[in-house]
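Comments concern the structure below.
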Amino acid sequence: MQEQILGHSLADPKKRKSFREDLLAWYDENQRKLPWRSKPSLYKTVVSEFMLQQTRVSTVVPYFERWVKQFPDFSALANAPEEQVLKAWEGLGYYSRARNLSKLAKEVASWEDVPEDPEAWQSLPGIGPYVAAAVTSISFGRPEAVCDGNVVRVLTRLFACDEPFKDGATAQKKLRPLARKLLDTDRPGDYNQAIMELGATVCHRQSPHCPTCPAIDYCKGAKAGDAQRYPNLIRKKKSKQRVPRYWIESKNGLLLYSAANGSARLAGIYELPENLPVELKDLARDAKHLATKKRTIGQVDYEEEIFRAEMIPGSKQKVALPEGYRWVGQSDLNTVTLSGPHRKWIGEIRNQV
Ligand code: SF4
């Protein structure tokens with residue numbers, strides 16, 4: 001990386017200055033109107049940064065708007081039961097973000113003074129180097145550079161960096177010193193948002209709009225006409241997994257399961273059960289295939305085969321279900337928190353059975 005910087009026009013401090021000016025002028029003119037940018041606050045910045053991790057802006061906007069109405073500040077969020085917080089997050093996925101945000105709100109609500117340095121923020125629940133840099137640069141003007149997937153794409157193209165990275169996190173770590181070198185320390189929050197905005201709206205993964213890009217004069221990748229080849233992330237092999245799911249209805253509703261508490265990925269989130277409780281195990285024998293649904297989580301492609309089993313009328317409906325299982329009536333389906341795919345599939349199957 002060091003050699004690439006040395007041979008690049010941006011090794012010259014004057015060029016770096018004009019690069020920052022061009023990028024910020026473009027941002028001032030072209031930034032998207034986003035709800036967390038109007039009347040910004042520390043709370044709005046934190047919530048938006050948590051939601052935006054691994055999730056597109058267009059998906060986040062309606063969630064964010066509902067969220068700040070329901071939980072307008074840190075103390076409202078701190079006082080909300082976890083169940084309510086997870087329900088408001090339903091469909092955004094990666095639910096540990098919601099749990100951490102709730103824990104973070106409790107900490108912030110107990111502070112007398114809000115720390116402004118990125119290291120202090122990094123010790124808080126769910127905050128890594130990216131969120132710490134984003135929050136402290138945007139809210140407190142701290143000169144800390146963000147380095148997320150968008151920034152990695154822009155930087156590797158600007159410098160024609162073809163170093164192979166084993167994954168996105170490694171690329172972000174390696175490129176962070178370069179991101180710091182380019183940062184505009186007079187307007188760090190705006191600069192960070194500008195370079196991420198450039199990655200999101202101009203320097204697209206597949207077809208970057210180089211002719212309209214404010215960084216084209218500094219971009220080695222664009223000059224060579226092969227910008228798309230950066231960053232050089234080593235493709236991970238995906239694996240496949242089949243998971244059985246059971247669709248069982250009683251007069252009390254549809255059987256759902258949620259890992260009750262703790263750190264399980266889907267703790268508190270309901271899905272069709274993968275295993276039947278001992279009391280209902282016999283039903284699996286005669287279960288009939290109803291549908292096969294697909295979803296991808298990380299590097300795993302899941303095929304979830306849904307089997308329908310019939311309750312013997314009246315016989316086992318009074319069985320006390322073990323922890324985590326519950327019957328959910330049609331009218332209560334909207335009040336429990338379901339994983340996004342399972343809510344969709346349940347709706348689809350309801351229409352077909
Ligand atoms: Fe990306 Fe093209 Fe801009 Fe370079 S010139 S940063 S490749 S959009």
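Note that ligands are numbered from 1 as they come in the structure, with each ligand's atoms numbered from 1 the same way.
Taking CG of N275 as the start and OH of Y325 as the end, the distance is 5.5 Å to the nearest 0.5 Å.
In terms of protein heavy atoms, atom 3 (Fe) of ligand 1 is closest to C213 SG, 2.3 Å. Atom 5 (S) of ligand 1 has A222 CB, 3.6 Å as its closest protein atom, hydrogens excluded (heavy atom only). Of all protein heavy atoms, the one lying nearest to atom 4 (Fe) of ligand 1 is C219 SG, 2.3 Å. Looking at atom 2 (Fe) of ligand 1, its nearest protein heavy atom turns out to be C210 SG, 2.4 Å. Of all protein heavy atoms, the one lying nearest to atom 7 (S) of ligand 1 is A227 CB, 3.4 Å.
Sorted by first and then second residue, the side chain to side chain donor-acceptor pair (under 3.5 Å) pairs with a member in residues 122-144 read E49-Y130, S137-N192, E144-R180; sequence neighbours excluded.
Counting backbone and side-chain atoms alike, C203 contributes no N/O/S atom closer than 2.8 Å to atom 4 (Fe) of ligand 1.
With respect to E90 and R66, no salt bridge is recorded, no charged nitrogen being found less than 4.0 Å from a carboxylate O.
The ring of W247 has its center no closer than 6.0 angstrom to the ring center of F307.
Ring pair F159/H8 is tilted by interplanar angle, where 30° to 60° counts as tilted.
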